[in-house]
Number of protein chains: 2
Amino acid sequence: MGRTSGRKAVLIEAAQRAMAEHGTAVRLNQIAEQAGVTSSAVLYHYPNIEELLVDANRAGMERFYDQRMLAISGLTDPVEKLVTTIALGVPRSSDDEEVRLLCSLGGEAARNTIYAVLLTSLYDRQVGMFQAILDSGVVSGDFRLAQDSEVIARNLVALEDAYGYRIMAKHPTLDYATAVDLILDYARMATDHALPAPSRITRLSRPAHT
Amino acid sequence: MGRTSGRKAVLIEAAQRAMAEHGTAVRLNQIAEQAGVTSSAVLYHYPNIEELLVDANRAGMERFYDQRMLAISGLTDPVEKLVTTIALGVPRSSDDEEVRLLCSLGGEAARNTIYAVLLTSLYDRQVGMFQAILDSGVVSGDFRLAQDSEVIARNLVALEDAYGYRIMAKHPTLDYATAVDLILDYARMATDHALPAPSRITRLSRPAHT
DNA sequence: CAAATTGTTGAATTTGAGTTCAGGAAACTC
DNA sequence: GAGTTTCCTGAACTCAAATTCAACAATTTG
């Protein structure tokens, strides 16, 4: 059995889905239902449900981050990397379970330290990711940064976050394409590069949650 | 008696404080406690607590918006207006009850249409506010916009939102001053104006919640 | 295959929150 | 100041969710 003991991994996925659906106020029964077991079974593995939720969210963030790292790992062109990373950081629609999970947490972080720490760490890692891309673009001569790369990176992540929330709220005048354009508009200005719109292929393939 | 019948206004304020403290999963008893009455008393005025929460949040947003409009209403210089508006849109610390309320809602908006509508409306109004300031700065000759004023305005609001969340999560490397600087860095680039840091007076006075 | 371990169920119990309501206090009306 | 309206309380009730636990199934191990 794997390091998450097999069964736990199932519960974590169930918790993710249940929490994406019901938010931080998710019920034990709802998690159990998602996992296809009774609440007692969940309790057997996680006597404290808090822990399960934390594990679920940690795993969700990990995947959100890893997915993008993986997507750009094959790319060599900093321009492509930057555009792809931005395109993958914005939810395509309000159905996106990963971002929905993150949004649920955002509000809770103000009063739950663990979630605050998780989100903080995710933000910092994303900033690092963008910063590396920006810096590599400077080295390659593609980018001429108008500001410190950390400033740009922080603002890029912030924009992604904010537009994620808007898309989750089904903002009528702010769909995926618009959000990406808005972020790219900033990125273009900051990098002095006429970044192309993301290719259509990007993020069409989403791993099934089974 | 006023249009909120006096008593309701008290409950709305209590609900705001209770929700700032406990999030969207706030209990009826917690609201009652904040108001110094029993839960039955709350129910007398609001047989449906959902309504009370919606009213509370609507009022909270209204105040958040109106406060900034009021603060810049006395200013004539577009530069001052822009800087002040930005400075007032970011919470000074994680204690800011108004922003805390907004953050709680952000995550809930994905599954509660009413909150989604409220937040959407707030975002749009804030965008309009920034756009008006930007446009007036163009007319006055202070700003030379690098992008459409709507693009800049949208990104400014998005940055404020996102940094609000970070500050609420007590991000260790992202305090009030840093967040304002980051947003101003973007604004400087977008307006081609060396916007000064906000004067220290700004937002030192906060209305008591009584 | 017997024994032990692991995973799961369903029923019983507890807990806590929402809801209802009869009654009473306070303020207001005439 | 009697009557009316407004506002609020406390107790009783309801209900849903968490928790506990004895029993049982499935799987593993010797």
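Chain A is the first sequence line, chain B the second, and so forth, proteins listed ahead of strands; every chain is numbered from 1. Note that this is a predicted model, so its numbers are computed, not measured.
- Legend: residues meeting side-chain hydrogen bond (donor to acceptor under 3.5 Å, both in side chains) with Thr191(A), ordered by chain and number and at least two apart, are absent.
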>> I need a per-nucleotide contact map over nucleotides 11-29 of chain C, read 5' to 3'. Cutoff is protein heavy atoms under 4.0 Å; write B for the base, S for backbone only, - otherwise.
In response: ------SSBBB--------

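- An OP1 or OP2 oxygen of dC7(D) is reached within less than 4.0 angstrom by a side-chain nitrogen or oxygen of Tyr44(B).
- Computed from coordinates, the Arg7(A) CZ to dT8(C) C1' distance equals 9 Å when rounded to whole Å.
- The phosphate of dT6(C) has neither OP1 nor OP2 within less than 4.0 Å of any side-chain N or O from His45(A).
- Counting heavy atoms from C-beta outward, Pro78(A) and Phe143(A) have side chains that approach closer than 4.5 Å.
- In this structure, Lys8(B) places its NZ atom 16 Å from C1' of dC8(D), rounding to the nearest Å.
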List, one per line, each side-chain donor-acceptor pair under 3.5 Å for residues 33-41 of chain A, sequence neighbours excluded.
from, atom 1, to, atom 2, distance (Å)
Gln34(A), OE1, Arg17(A), NH1, 3.1

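- By the side chain to side chain contact (heavy atoms under 4.5 Å, CB included) test, Ile167(B) pairs with Val90(B), Pro91(B), Ala179(B), sequence neighbours left out.
- With dG10(C), dT9(D), dG7(C) as the candidates, the nucleotide lying closest to the side chain of Thr38(A) is dG10(C).
- Straight-line distance from the CG atom of Leu11(B) to the C1' atom of dC8(D): 11 Å, rounded to whole Å.
- Take Arg27(A) and apply the salt bridge (charged side-chain N to carboxylate O under 4.0 Å, His left out) test, not counting sequence neighbours, and it matches no residue.
- Among residues at least two apart or in separate chains, there is no ring pair (Phe, Tyr, Trp, His ring centres under 6.0 Å) pair with a member in residues 7-30 of chain B.
- Distance Tyr46(A) OH to dT8(C) P: 13 Å, rounded to the nearest Å.
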Residues 127-137 of chain B side chain polar contacts: donor-acceptor under 3.5 Å, at least two apart:
from, atom 1, to, atom 2, distance (Å)
Gln131(B), NE2, Ser149(B), OG, 3.3
Asp135(B), OD1, Ser149(B), OG, 3.1
Ser136(B), OG, Ile133(B), O, 2.8

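- For Glu160(A), the side-chain hydrogen bond (donor to acceptor under 3.5 Å, both in side chains) partners at least two apart in sequence or on another chain are Arg68(A).
- Overall, the helix from dC1(C)-dG30(D) to dC30(C)-dG1(D) carries an axis bend of 10° between its ends, with five pairs at each end and the value rounded to 10°.
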